[in-house]
Amino acid sequence: MAPFFASYSVEKNPSAYDEYKFELPELYRQIAKEELGEDDLLRERSLTEMRQWIANNPHIRKCRTDAKFLLRFLRFRRFSVPMACEALERYLVVRELYPSWFKNLDCNDSTMREIFDNAPFSVLGFDTAGRMVGLCRFARYHDRKHQPFEDGKYMAIVMETLLEWEEVQIGGCQVFIDWQGISVNNLEKWNTTDLRVMMDAYGHTYPFRYGDIFSAKLPKFGEPTLDTFVSFANPKMREQINCLSSITEFGQQFEPNMKPKEYGGTLDLHTINRAFWKRVEEQREITLGLDQMEIDIDYYGSIWNTAGAEPDEVAAGAIFKRLEIN
């Protein structure tokens with residue numbers, strides 16, 4: 001298997017890449033074929049077309065062209081090259097619009113380490129269907145000390161790390177959200193713009209394929225915030241959200257080997273959290289290297305009327321409308 005620290009270039013040279021080899025377990029080859037239509041021939045043809053599109057696009061100045069990166073978007077869009085290119089463009093532009101959320105993703109930053117130490121998100125492993133299983137315990141985000149963009153940056157580090165795993169690209173993910181113990185301020189610190197930025201990251205900008213999303217123990221005072229948050233999701237994601245009434249019912253949704261001790265299982269969250277963060281640290285240079293990518297933001301800005309509003313807000317609204325994929 002190619003080393004995890006495989007180097008890549010962000011220069012727009014469609015021939016500057018290593019030959020791709022599919023080296024995942026057979027389960028993922030089957031999922032790729034059955035759910036995405038992926039095979040060796042389609043993969044290579046699509047990669048070639050997408051690299052050429054990047055090379056010919058005058059508004060993308062520097063971009064990763066290695067297979068692992070481009071396959072994020074091709075698999076996300078089931079190998080529709082035009083839609084994958086649009087998803088890549090959206091990803092690059094939103095990173096520029098919100099650099100405080102999506103750039104300088106340094107796991108060594110003291111705030112990022114502080115958020116990690118409180119363990120608001122855990123990667124439990126991969127279930128029998130090949131999906132990454134993630135657990136969010138929202139009350140473990142500090143309700144006052146950290147700003148929404150800092151919580152969002154922490155999750156961006158997590159998402160960038162996960163998307164370097166081809167198992168996640170192909171198998172998708174299943175998410176558990178436990179609202180136990182949240183305070184009013186856990187939610188009130190998020191304004192509508194923050195909620196939209198975060199949902200766009202989860203549902204559009206980062207090319208994740210979602211399975212079921214289980215949510216439990218949301219207090220009444222949290223319902224308006226969650227309703228606003230979910231309103232920014234696409235219809236398919238909204239259909240995948242299952243709101244459960246009890247933690248007992250919540251715990252029953254985990255596969256036995258995926259069930260943490262906190263929900264009656266045997267999985268030790270402290271151990272798996274440390275193992276995942278080690279992976280984050282190993283990937284630090286790759287994640288930080290994403291900042292080398294460049295686009296012509298003036299080109300995108302030229303199509304938006306910025307009078308009377310903050311540039312980030314106007315640009316975001318325009319790009320969301322322009323790049324929306326139904």
Side-chain angles (χ1 to χ4, degrees), residues 94-95 97-124 134-162 175-203 205-206 213 215-230 232-233 247 250 260-263 268-284 287-288 290-291 310 312-313 316:
V94 172
R95 277 175 49 86
L97 296 178
Y98 294 102
S100 62
W101 291 70
F102 303 119
K103 285 195 168 186
N104 190 30
L105 302 178
D106 190 353
C107 62
N108 287 346
D109 176 84
S110 60
T111 299
M112 296 301 102
R113 296 199 68 87
E114 190 173 38
I115 296 173
F116 159 72
D117 287 340
N118 214 28
F121 188 84
S122 299
V123 177
L124 306 183
L135 169 66
C136 176
R137 294 177 290 172
F138 203 87
R140 288 181 170 265
Y141 285 110
H142 200 287
D143 62 352
R144 296 184 186 277
K145 189 172 185 179
H146 303 131
Q147 297 299 309
F149 79 87
E150 293 172 319
D151 293 339
K153 177 171 280 191
Y154 161 79
M155 280 308 301
I157 292 173
V158 170
M159 291 187 288
E160 290 290 1
T161 301
L162 290 172
V175 180
F176 291 79
I177 306 172
D178 182 355
W179 300 98
Q180 287 185 105
I182 64 169
S183 70
V184 171
N185 202 58
N186 270 128
L187 300 176
E188 285 190 348
K189 74 177 187 179
W190 292 78
N191 62 39
T192 302
T193 299
D194 295 330
L195 292 171
R196 180 164 190 167
V197 172
M198 202 59 178
M199 177 51 80
D200 187 75
Y202 288 145
T205 301
Y206 282 96
I213 301 170
S215 173
K217 298 298 286 186
L218 178 71
K220 286 288 185 181
F221 66 76
E223 291 178 2
T225 300
L226 185 61
D227 287 344
T228 300
F229 184 58
V230 173
F232 298 129
I247 289 299
F250 186 73
K261 293 178 180 178
E262 288 78 356
Y263 304 95
D268 183 78
L269 289 180
H270 178 74
T271 300
I272 64 169
N273 287 338
R274 293 305 314 173
F276 177 70
W277 200 252
K278 181 180 179 182
R279 186 75 177 251
V280 171
E281 292 173 327
E282 290 174 345
Q283 192 183 302
R284 176 174 177 267
T287 302
L288 287 172
L290 295 166
D291 289 353
E310 292 299 319
D312 271 5
E313 294 179 3

Chemist: Hey, what do you get for CD (Gln283) to CD1 (Ile157), rounding to the nearest 0.5 Å?
Modeler: 10.5 Å
Chemist: So Met198 and Leu195, do their side chains get closer than 4.5 Å, heavy atoms only?
Modeler: no
Chemist: Atom OG1 of Thr193 and atom CZ of Arg196: how far apart are they, to the nearest 0.5 Å?
Modeler: 9.0 Å
Chemist: How far apart are the closest heavy atoms of Met159 and Tyr206, and which atoms are they?
Modeler: CE-CD1, 3.6 Å
Chemist: At what distance, to the nearest 0.5 angstrom, does CG of Leu290 lie from CZ of Phe102?
Modeler: 12.5 Å
Chemist: Does the Asn185 side chain pair with the main chain of Glu188, one donor and one acceptor, at a distance under 3.5 Å?
Modeler: no
Chemist: Measuring centre to centre across the rings, with the benzene-like ring taken for any Trp, is Phe232 within less than 6.0 Å of Phe229?
Modeler: no
Chemist: Going by heavy atoms in the side chains, are Leu187 and Phe138 under 4.5 Å from each other?
Modeler: yes
Chemist: How about Val158 and Phe276: do any of their side-chain heavy atoms sit closer than 4.5 Å?
Modeler: yes
Chemist: If you define the side chain from C-beta out and look only at heavy atoms, does anything of Thr228 sit under 4.5 Å from Trp190?
Modeler: no
Chemist: Apply salt bridge (Lys or Arg N to Asp or Glu O under 4.0 Å) to the pair Lys278 and Glu281, showing each step before the final yes or no.
Modeler: CA-CA 5 Å; Lys278 181 180 179 182; Glu281 292 173 327; over 6 Å; no
Chemist: As an exercise, state the distance from SG of Cys136 to CE of Met155, rounded to the nearest 0.5 Å.
Modeler: 7.0 Å
Chemist: Within this structure, what is the CG-OH distance for the pair Asn118 and Tyr141, rounded to the nearest 0.5 Å?
Modeler: 10.5 Å
Chemist: For Glu160 and Thr287, which heavy atoms make the closest approach, and how far apart are they?
Modeler: CB-CG2, 4.1 Å
Chemist: Which atoms form the tightest heavy-atom contact between Leu135 and Pro260, and what is the distance?
Modeler: CD2-CG, 4.1 Å
Chemist: Is Lys189 paired with Asp151 through a side-chain N to carboxylate O contact shorter than 4.0 Å?
Modeler: yes
Chemist: Strictly by salt bridge (Lys or Arg N to Asp or Glu O under 4.0 Å), give each pair with a member in residues 137-150 just once, sequence neighbours left out.
Modeler: Glu114-Lys145
Chemist: Kindly give the heavy-atom pair with the smallest separation between Ile177 and Phe250, and that separation in Å.
Modeler: O-CE1, 3.6 Å
Chemist: Restricting to non-hydrogen atoms, name the atom on Asn273 and the atom on Ser122 that form the minimum distance, rounded to 0.1 Å.
Modeler: OD1-OG, 2.8 Å
Chemist: Check whether any side-chain heavy atom of Leu269 sits under 4.5 Å from a side-chain heavy atom of Lys261, and report yes or no.
Modeler: no
Chemist: Is the Trp277 ring parallel, tilted or perpendicular to the Phe116 ring (thresholds 30°, 60°)?
Modeler: parallel
Chemist: Between OG1 of Thr111 and NE2 of His146, what distance do you get to the nearest 0.5 Å?
Modeler: 5.5 Å
Chemist: For the side-chain contact (heavy atoms from CB on, under 4.5 Å) test, which of Met112, Lys153, Arg284, Arg113 pairs with Asp106?
Modeler: Arg284
Chemist: When you compare the side chain of Phe149 with that of Val197, does any pair of heavy atoms fall below 4.5 Å?
Modeler: no
Chemist: Is there a side chain to side chain contact (heavy atoms under 4.5 Å, CB included) between Val94 and Trp101 once you walk through the steps?
Modeler: CA-CA 10 Å; Val94 172; Trp101 291 70; over 6 Å; no
Chemist: I'd like to know whether Asp178 forms a salt bridge (Lys or Arg N to Asp or Glu O under 4.0 Å) with Lys217, so could you lay out the CA-CA distance, the side-chain angles of the two residues, the decisive distance to 0.1 Å, and finally the verdict.
Modeler: CA-CA 7 Å; Asp178 182 355; Lys217 298 298 286 186; over 6 Å; no
Chemist: Among residues at least two apart in sequence or on other chains, which ones pass side chain to side chain contact (heavy atoms under 4.5 Å, CB included) with Asp117?
Modeler: Arg274
Chemist: For Val123 versus Ile272, what's the shortest heavy-atom pair and its separation?
Modeler: O-CD1, 3.5 Å
